[in-house]
Each structure stands twice: as C-alpha cells, then as structure tokens.
Trainee: 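Dropping a structure here in structure tokens format, bear with me for questions.
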Amino acid sequence: MPYHKLIPRNRTLLLSLVFVLSSFIYSCKDVPKENYEEIHPVNFSDASFVGSVSCKECHEEEYNLWEDSHHDLAMKLADSTSVLGDFNNTVFEHKGVKHTFFMKDGEYYMNTADKNGEYKDYKIVYTFGWYPLQQYVVAFPNGEYQCSIAAWDSELNKWFHLQPNLDLAHDEWLNWTGRAMSWNTMCVDCHSTDLSKNYTDATSTFNTTYSEINVSCEACHGPMSEHNSFYEKYQDDLEGRTPPKTYMPTGLASKELVDKCARCHSRRGQLTNNFDYEGTFIDHYNPRLLVAPQYFLDGQILDEDYVYASFVQSKMYANGISCRDCHDVHSLKLKKEGNDLCMQCHVPKYNTPEHHFHNVNDTGGSCINCHMTGRYYMVNDFRNDHSFRVPRPDQSAKYEQYGIELPNACTSCHTDKSDEWAADWIVEKYGPERADHFSDHMLKGYFEDNAGFLTVIDSLHKYPDFVRATAMNQYSQSGLTETEINAMAKYLRDPYALVRNEAVEAYHRMGRLDKEPLIRPLLNDSLRIVRIAAARYYNMNSMDISEIGNSKRAQDEFLNQLEVNADFASGQHQKALYYQAKGDTERAILAYQKSLQIDNRYNQSRMNLALIYYNQGLFEQSEELYLKVAEIEPEFSYSFYMLGLLYNEMGRNENSLKYLKMATQKQPRNENAFYNYALKLQQAEHYKEALKVTSEATQYFPYNERILYAKLISEMNLNMTSEASLTCSQLIQINPQNQNYRQILMGLQRPNI
C-alpha cells in the first residue's frame, strides 16, 4: 500500500486525495457527454417493488427458468430446503479454531470463536450461495449480519476454510466477525433486491432493507408496480397503448445490457446508498481498473473481478456480443455445451486440429481452455477470464526478467514446459507475427517507455475504453515532464467518463493546483463519478465550492459518497482526510480511530494519525502507532523512517540512528531516509559511514540533489578531492544556477600552496 505518499519531506501535514487546477477555461457547454448512444433512461420514481410471484402469471416460462437458478438461490432463509451443509453435530477445525455445526429445536446453529476468541453459539439466519460453495449468515446486535468463514463445498460435500493460507487473529478484519465478512457491507448489494445499506456512522449500526432476500425478477427489471398496474387496467384494451418500460427489456442493445449487468458483476465501490434504476453503471459505482493486485499487468484476472472488467476489454464486447449470447438470461445456464457454444458465431474451421493443433476431444481442443483461462477463488470456485484473449507466451517469456508473472494458456496446461518453449511453438504453428493487442503497449509502458501508455490512451475506438482509463491511471504515475503534464489536460474532455475521472485524479496526485479552471466544468459532468471527483478536488483543497454556480448537486453527491462508504476502514480514512482539509483535526482523529476500530491493520490510517500526533508534539502517542505499523509490516520503510525522525525530535539519538538505518534497508526505497540518516551520521562526524550511505542511495536516486550534496560534504570532510570534484560537477549539471556549487568546485580545483 502506498502509505509513503502520506509522509511529507517536512513536518507539514499532507493530504492524499488532493485534486488540482488548470491553466485555461472552457465553458460548461463543453463538458463531454458519455458515449452511450444505446442507453435509454427509464423513470422508476413512481414505481414500487411488488415481488417475483406477481411476474409468474404472465411470464411463467421465464419464471420457471429463473426459479432455482443461482440468482434465485443467492440467499434464502435457512431451512431444510435451503441448507446444504452437514449440521449433524459436525466439527470442522482449522488452525486450532473449531467450528461445530448442529441443530437445536429444528433450527441451524454454529458454535465458533468470537472476536475475543471465546466460543459461542450462533443461530443461522440465512444461507448464502449454493454451488460450488455455501456460507451461512448470523445476526449481530448492531443490525450487522456476518457470513461464516467455514463454508460448505457443495460438490465434494465437506466443510472447508475460505482463508486456508492465513493465520487470522480472532479480531482481524478478514476473520468472520470482521467487516470483510459483513453481509451488509460486502455481499447484500448484489445478492438481494431493492437493497439499501442504511449505515449510521454515528452509532456504527445498520438498518439494511430489501424487498426480496434473493436476486429476484425486479433486481434486474426494476420495480414493477406500474408495469403490473398497466396490464391489469388495460388487459382487454392494449391496442395503441404503450406499456411502461422495464429496466432490462427484451432486445436491449448489447453494450447497454453489459452496463446494466455490471452493477453486480464487477469489482467496484459504491457511490450511492442504493441503486435506484436511474442513470448508468458509473452513476452508482466506481469500477476497479485493470491494476494490481486485482489484475495481472496485461489485464488478465488475478483476484476475482466478477467478469465485467475482463469482458469489456475483449473483442467480443467490441463486436456487439453480450452476456445473453452465451448465457440464458433467466436460468443463467450456458446455451450450449463445449465448443458448440463458440461455434454459434465462429466458423467451423476454428474447431479443427488445423487451427488449435490438438485432438478435438482433448482438453487442448477446448476453446475456453485456450481463450478463457481461469482461476480458483474462495478456494473451490473456478471462474473463467472473460477477456477472450489469444495466448501470448512470448509476453510471459519477455517480461519474466522483471520478476513478474504473466500467465498464458500454453504453460498453464503444459506445466512441464517453459514459456520460451511455448512461444517458439506458437511461432512454428502460426508464424512470427502476433496480432496487435493493447497489452503489448501497456507492458511497454510499465517496463520500457511510458509512451506505451499514451499509445493506448490516444487510440480512441481502437483499444477498449476501460483499458484507456487504466492506461491514463498508470501513465499519470510514471514520472512525467512539465510538458507532458500540461498536455494531459486534454483528457479532462475525453468522451469516456473514466478517462476524464482519471485525468482529475492524476492532477490531484501531482498536487497541480494550477488546473482549477479546467476542472470546474466537470462539476456538471454528465456522469456522477466525474462530478464527485471534481467536488472532491475542491473540498480537499479547502476551496469554497459553494461560491461556484451549479455546484450543489456535485457537492451533495460527494458528501453522500463519503457517508455511504463510512462502514469501511478506507471510507473512514477518506472522511478523516476530508476533515483535515477543512481544518477539523479533532474530527479527523476520531475518523482515523474509527477506521482502526473497523480494521486494526489498516495502517494507512495509523500512519496519518501518528503524523497528526507528531505535529501536535504528542510524541509518545505517535511512537506507539509507528511501532505498531512496524510490527504489522516489518518490511515497510516509512514507519521506520518516521520513528527515526520522531526519536530525533525526542533527543534519543541512538534510537534515531537505529531506525533511520533500518529505514534505508526496507521497501519502498525512501530517499528521505537515506538523506536524514547521512545527516545524522555527519553530525556525529562519522563521515565514512555517511559516505557509504549516500553512495548506496545514488544507486536508487542518481539525480537526487540533496543526496548528492550530502555525499559531497562527506567526501570533502574525508579530503577526497577528486571524488568531491566529480560529485560537485554532477550537482552543477542538475542545478546549473547554483553559484555555491560552482564556488565549491573552484575551491576543490585550486592547487594547494
């Protein structure tokens, strides 16, 4: 986690999430509109939810297909028809923690350790999921419902642990009593219908509501009271009348269908408390881009992504294919089995050994094994990558030198072979040329030349827009020149909202406060996600947004988004940053403390809170927090660096030297740690040690002026005249206007008389 971005070079508190200003103005009428020609908004403001049973009379076939589907079985009241697990006094033990599953008075119970390690009985209220695993949900006093971390394998009929490789503390965020396993926070928005989370920050309580506990007809089609009333009223007189539209009607354009499915089939954060069936996906959600650790650097799935971000980077999506072309929209089952599914669209030659060079009935002859590789999530749930990519073992082999993994279908199957072998085989069978793919340019951007990112960003309509937004995100963090930074302003007017959003985020990360005139019109952007980003920019830079006309909507949306995510440690962290920007340090402290109550290992908040105490002179409180970070993340350099500074303030020089030295030995490399450690050594006249430190630092930061100057001081004190002259010449190259460097160099070159 990039905690280091929160640590200043001096003792002035920095705020992360700072947005930035610009150098020229364009009017509100120039704000780009999202390129969603297919999307037609439907007004559901007067409709209410009436339940799936009301759909059955007219839509019996569709209802029967939906019934007992994974949507229908997403959640159920725990009873003999829904519970699959063995509750016959079964004991499952994992790493010393027991889970006993039993029945009492005809109801289902689990006995296991609470957050304090004490064993208690918990009544099972709901089942969660069906196949290949099922979890069980219990009620907590604050309106929160928790999901069991011991799950039932629906295929192998056995209990298993969802985090088998982790040693979890009882009170840890990831454990079953922590917020990571909270039904209200992590699950219910996609597993139920008409969901409102309704979290109250002041009391840390939930009043979560829904119309149906599972993914019902209205979850996809919207509230149907007006629809039903129309047909009840006009059932004998429909001619010439137009019925109210449903949210996902038959014949929906492919991209609109994918956009609507995305609200549940994506990795994303919430922008609103509930989905009101108005606007687009990114009016309600902020999708995770194709960045680590959710994705490999070429865009393949690493962590679970729920399909959307994989699919929108595919040629299938670009060519008008959508979910319904492969899946029945009501039963969710595949329309055909095996390669027959793909042959609905692809010509038969692709289903022959002449194309795939494997036996037709072997695993190598399966389309999905080559073009939809997958991974297991939640231990036993295999998910296919929906980017439908051509295997590229040449990329795997090429970028292995950088120590990164880029899986490919060839060696995922041929585990005894190398990536080089697979790349050579591809050349032998298909020739030396590979079709252009955005990953070629993204990988170039990561490891060779950041212009690779620009190639993707600037290729509107050639590369997927979602990938362009990812490239924008990564390009802006790649170390840009002033010219490149200014040229980036054009992306604030990109036709794709996520690119605009990333352009705003980019200027905030850079601290470019000269871009306000460009960002101002985005307060009235057509998409909520961009309006929130623009409003955040003003708030985090302590500017009075109320003085800007037509800004109230964006401001209200921004403040609402803070509240919606207040049940997350990260959400409390954002609230704390907001309070700091407003100069309300006490409320910031409370928000950071609440963040740590939600997740005691959320070190971003611990680092920021420690810095507040540091600046207030509360050194003991600051020390305690930094030491806790060092305990939890012993290889994280910045907590050790801050301890070194803190002990220096406290006059504990021996500890200061100790922790500054340790900071130089950990990750990420911190130029300030090297510099301050060298200064401390020089103050003690340990010039040889100081020179060793600065010499090592120049390997990582060869053009850092302060480090080179510290190196020069050591060399001069050690009478290393020729070495000092060389270092001084380097400083003059970096800062030719510094007359002090020139005078020093003249002194070093003057012959001794």
Side-chain angles (χ1 to χ4, degrees), residues 49-56 60 62-92 99-112 120-140 143-162 176-177 181-195 206 208-220 264-265 306 328 330-333 377-382:
F49 289 82
V50 291
S52 297
V53 174
S54 69
C55 305
K56 186 175 182 179
E60 185 173 6
E62 291 82 359
Y63 185 93
N64 290 337
L65 287 168
W66 165 81
E67 194 171 30
D68 293 332
S69 69
H70 278 238
H71 277 174
D72 179 26
L73 300 171
M75 284 194 71
K76 291 288 185 181
L77 285 169
D79 59 28
S80 60
T81 63
S82 63
V83 173
L84 298 178
D86 183 357
F87 279 77
N88 188 26
N89 292 317
T90 304
V91 178
F92 170 70
H99 303 77
T100 304
F101 300 93
F102 62 98
M103 295 188 68
K104 183 172 65 175
D105 299 327
E107 296 184 306
Y108 296 84
Y109 285 83
M110 171 179 67
N111 178 280
T112 192
K120 295 181 180 179
D121 290 347
Y122 296 93
K123 180 183 175 181
I124 305 300
V125 182
Y126 301 115
T127 61
F128 191 75
W130 184 257
Y131 186 90
L133 72 152
Q134 186 175 72
Q135 292 175 263
Y136 300 95
V137 182
V138 303
F140 273 32
E144 195 165 9
Y145 289 78
Q146 296 298 123
C147 300
S148 60
I149 201 165
W152 178 254
D153 190 315
S154 311
E155 181 178 14
L156 299 179
N157 293 321
K158 67 176 185 178
W159 294 101
F160 69 100
H161 199 279
L162 291 173
W176 88 274
T177 58
M181 300 296 286
S182 166
W183 169 82
N184 314 68
T185 292
M186 303 299 290
C187 315
V188 69
D189 188 46
C190 288
H191 278 251
S192 300
T193 302
D194 186 27
L195 190 283
F206 291 88
T208 303
T209 62
Y210 53 84
S211 63
E212 290 187 79
I213 192 61
N214 57 356
V215 182
S216 71
C217 306
E218 291 173 296
C220 296
C264 286
H265 290 275
Y306 307 107
D328 181 274
H330 293 104
S331 71
L332 311 182
K333 295 178 180 179
Y377 303 109
M378 300 184 79
V379 181
N380 75 340
D381 192 1
F382 188 83

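Only heavy atoms go into these numbers, but all of them, side chains included; no hydrogens, no water, no symmetry mates.
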Trainee: Flag this pair as yes if the NZ/CZ of K104 is under 6.0 angstrom from the six-membered ring centre of Y109 and inside a 45 degree cone about the axis; otherwise no.
Mentor: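 Verdict for Y109: a cation-pi partner in K104.
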Trainee: Assess the side chains of E218 and T193: does a donor N or O sit below 3.5 Å from an acceptor N or O?
Mentor: no
Trainee: For G143, is there any backbone N or O sitting under 3.5 Å from a side-chain donor or acceptor partner on N184?
Mentor: yes
Trainee: Please verify the inter-ring angle class for Y210 with Y126; under 30° counts as parallel, over 60° as perpendicular, anything in between as tilted.
Mentor: perpendicular
Trainee: Give a yes-or-no answer on whether the side chains of S192 and E212 include a donor-acceptor pair shorter than 3.5 Å.
Mentor: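 There is no such pair (donor and acceptor under 3.5 Å, judged by atom type) between the side chains of S192 and E212.
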Trainee: Please check this pair: side chain of S154 against backbone of W130, looking for a donor-acceptor N/O pair closer than 3.5 Å.
Mentor: yes
Trainee: Are more than 12 heavy atoms, taken from residues, nucleotides or ligands other than F87, located less than 6.0 Å from that residue's CZ atom?
Mentor: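 Enclosed: over 12 neighbouring heavy atoms sit under 6.0 Å from CZ of F87.
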Trainee: With a 3.5 Å distance limit and no angle check, can you tell me whether H191 reaches the backbone of A74 through a side-chain donor-acceptor pair?
Mentor: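 Checked: pair present.
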Trainee: Closer than 3.5 angstrom, by distance alone: can the side chain of D105 be matched with the main-chain N or O of E107 as a donor-acceptor pair?
Mentor: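 No; zero donor-acceptor contacts below 3.5 Å.
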Trainee: Nearest 0.5 angstrom please: S69 OG to N64 CG, how far?
Mentor: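 It comes to 11.5 Å.
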Trainee: Tell me whether the centres of the aromatic rings in Y108 and W152 are closer together than 6.0 Å.
Mentor: no
Trainee: For the ring-ring contact (aromatic ring centres under 6.0 Å, His included) test, which of F206, W183, W176 pairs with F140?
Mentor: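 Among F206, W183, W176, the one that satisfies the ring-ring contact (aromatic ring centres under 6.0 Å, His included) with F140 is W176.
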Trainee: Atom CG of N157 and atom CG of L84: how far apart are they, to the nearest 0.5 Å?
Mentor: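 Reported value, rounded in 0.5 Å steps: 8.5 Å.
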Trainee: If I take atom NZ from residue K76 and atom CD1 from residue I213, how far apart are they, to the nearest 0.5 angstrom?
Mentor: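 With rounding to 0.5 Å, NZ (K76) is 10.0 Å from CD1 (I213).
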Trainee: Under the 3.5 angstrom rule, does the side chain of Q135 hit a backbone N or O of S148 as a donor-acceptor pair?
Mentor: yes
Trainee: Is it true that a side-chain atom of D72 and a backbone atom of E67 form a donor plus acceptor pair closer than 3.5 Å?
Mentor: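 No; zero donor-acceptor contacts below 3.5 Å.
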Trainee: Rounded to the nearest 0.5 Å, what separates atom CE in M378 from atom CG in D153?
Mentor: 12.0 Å
Trainee: Do we see a donor-acceptor contact under 3.5 Å between the side chains of D79 and S82?
Mentor: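 S82 and D79 do have a side-chain donor-acceptor pair below 3.5 Å.
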Trainee: CG of D381 to OH of Y131: how many Å apart, nearest 0.5 Å?
Mentor: 9.5 Å
Trainee: At their closest point, which heavy atom of A150 faces which heavy atom of F92, and how far apart are they?
Mentor: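 Looking at all heavy atoms of both residues, the shortest contact is CB-CD2, 4.0 Å.
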Trainee: Is a donor on one side and an acceptor on the other found under 3.5 Å between the side chain of N380 and the backbone of P132?
Mentor: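 Indeed, once roles are kept as given, a pair shorter than 3.5 Å links the two residues.
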Trainee: Under the criterion side-chain contact (heavy atoms from CB on, under 4.5 Å), which of I149, T90, V91 is the partner of H99?
Mentor: I149
Trainee: What is the distance from atom SG of C217 to atom CD of E62, rounded to the nearest 0.5 Å?
Mentor: 9.0 Å
